[in-house]
2 protein chains.
Amino acid sequence: MSCGEKLAEEIRGKGFRVTPQRGVILETIAHMGGHLSVPEVFSAARDRLPGLNITTIYRTLETLHRAGMVDLFYSGSGPTRFALRDPDQAHGHLVCSECEQVMDIDESLIAHLAEEVVRETGFSIDPHHLTLVGVCDDCLSEGKRRIS
Amino acid sequence: MSCGEKLAEEIRGKGFRVTPQRGVILETIAHMGGHLSVPEVFSAARDRLPGLNITTIYRTLETLHRAGMVDLFYSGSGPTRFALRDPDQAHGHLVCSECEQVMDIDESLIAHLAEEVVRETGFSIDPHHLTLVGVCDDCLSEGKRRIS
DNA sequence: CTAGTAGTTGCAATAGTTTGCATTAAGCAT
DNA sequence: ATGCTTAATGCAAACTATTGCAACTACTAG
């Protein structure tokens, strides 16, 4: 069973329908991997299924997000990006506001903060969805811009 | 001297020009307060200065952000929001993905995390700009949706 | 006070994203 | 296998945000 098929089973198991469009989209994002934008996935998936509409990508993405299968993150500039969630390797994202680079951050660091926040405020941060914006090591040392 | 004029001095001091448009925008956001969206500010500021273009709001905002005078935050849905930074009361933001409510979070909690992150990864989070998305106490207890 | 420079503005075009609605078809029950 | 129910799709339009460019003007130097 291909990665896409595995995802199809997973989403069906959560009560969503598996359509040809979704099959192609799932196969595509499983194959591409990494931190994708909607337009990227769209152009790749449309090659496999002409006539596919970009709206369907957005809505499928929203569905996968609701199903807890992808994480979304907004880099502060450029299009929103998303990634398949790997249950064995939960992590947050660090997005560099200078170079757009996306780094992974270990879940434990996040979980620790999340715990503190919920204790202090009652507000539940989802460690899976966490994205922190800042400046990466490289850009910082290049001194392109100091943190304001 | 009005709040808007104080802001005008501040931005002039950082090497930016003070134009009539910026004067009106600064006066407007100082008067409105809170967590504003661009369209909100636009409609209020245009009343004071007809002909004002919404692009100017976006660009002024970007300028104020670069000057370190406003913080931006993305709620994950809806338009981007921003707030004047109060130097005496630095804080991050907690945005509820259910009800769009924005809560403040004490800087010390954030600063602690930022320290850990920079030590582990070299990545510098700016405590002033930090926004965390999650589910607030109210929405959680209403059980509208569990964290996915 | 005047002229020059460079930052700023408005407009138009474009990119990215969301929403409403009619149509289609996946999955369930028979 | 057949029909039913309702989720999902495609299309178009609206909306949010960004960018290029020509015209304008705030500020500085003289």
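Just so we're clear, the structure is a prediction, and the values are computed from it rather than from any experiment. Excluded from the calculations below are hydrogen atoms, water molecules and symmetry mates; all remaining heavy atoms, backbone and side chain alike, are included. A, B, ... follow the sequence lines: proteins, then strands. Residue 1 opens every chain.
In summary, B:Arg12 and B:Glu9 engage in a salt bridge, as defined by a charged side-chain N under 4.0 Å from a carboxylate O. Comment: B:Glu62 engages B:Arg66 in a salt bridge, judged by a side-chain N to carboxylate O separation of less than 4.0 angstrom.
OP1 or OP2 of C:dT9 sits under 4.0 Å from a side-chain N or O of B:Thr19. Remark: A:Thr80 is in phosphate contact with C:dT17, judged by side-chain N or O atoms under 4.0 Å from OP1 or OP2. The phosphate of C:dG27 (OP1 or OP2) has a side-chain N or O of A:Arg12 nearer than 4.0 angstrom. Phosphate proximity of C:dA26 to A:Gln21: absent, as no side-chain N or O sits under 4.0 Å from OP1 or OP2. One finds a side-chain N or O of B:Tyr58 lying less than 4.0 angstrom from the OP1 or OP2 phosphate oxygen of D:dA17.
In this structure, of C:dA26, D:dC27, D:dG10, it is D:dG10 that holds the atom nearest to the side chain of A:Arg59.
Rounded to whole Å, the distance from CG on B:Asn53 to C1' on D:dA23 is 14 Å. Between A:Leu61 atom CG and C:dG16 atom P the separation is 15 Å, expressed in whole Å. Between the P atom of D:dT9 and the CG atom of A:Leu52 lies a distance of 9 Å, rounded to the nearest Å. Regarding B:Ile25, its CD1 atom lies at a distance of 12 Å from the C1' atom of C:dG10, rounded to whole Å. Protein atom CZ of A:Arg22 is 8 Å distant from nucleotide atom C1' of D:dA7, rounded to whole Å. One can place CZ of A:Arg66 at 11 Å from C1' of D:dA8, the figure rounded to the nearest angstrom. Across the protein-nucleic acid pair, A:Ile57 atom CD1 and D:dT9 atom P stand 10 Å apart, rounded to whole Å. Distance, A:Glu62 CD to D:dT9 C1': 16 Å, rounded to whole Å.
Looking at heavy-atom distances under 4.0 Å, A:Thr56 makes contact with sugar-phosphate atoms alone, never a base. Nucleic acid contact for B:Ile54: none, since no nucleic acid atom lies under 4.0 Å from a heavy atom of the residue.
A:Arg17 contributes no side-chain N or O that forms a donor-acceptor pair with the base of D:dA8 under 3.5 Å.
Across all their heavy atoms, B:Val70 and B:His65 have their closest contact at O-ND1, 3.3 Å. Of all heavy-atom pairs spanning A:Ala44 and A:Thr28, the tightest one is CB-CG2, 3.8 Å. In terms of heavy atoms, B:Phe16 sits closest to B:Thr63 at CD2-CG2, 3.4 Å.
Heavy-atom nearest nucleotides on DNA chain C were determined for B:Thr55 and for B:Phe16, and the one closer to the 5' end corresponds to B:Phe16.
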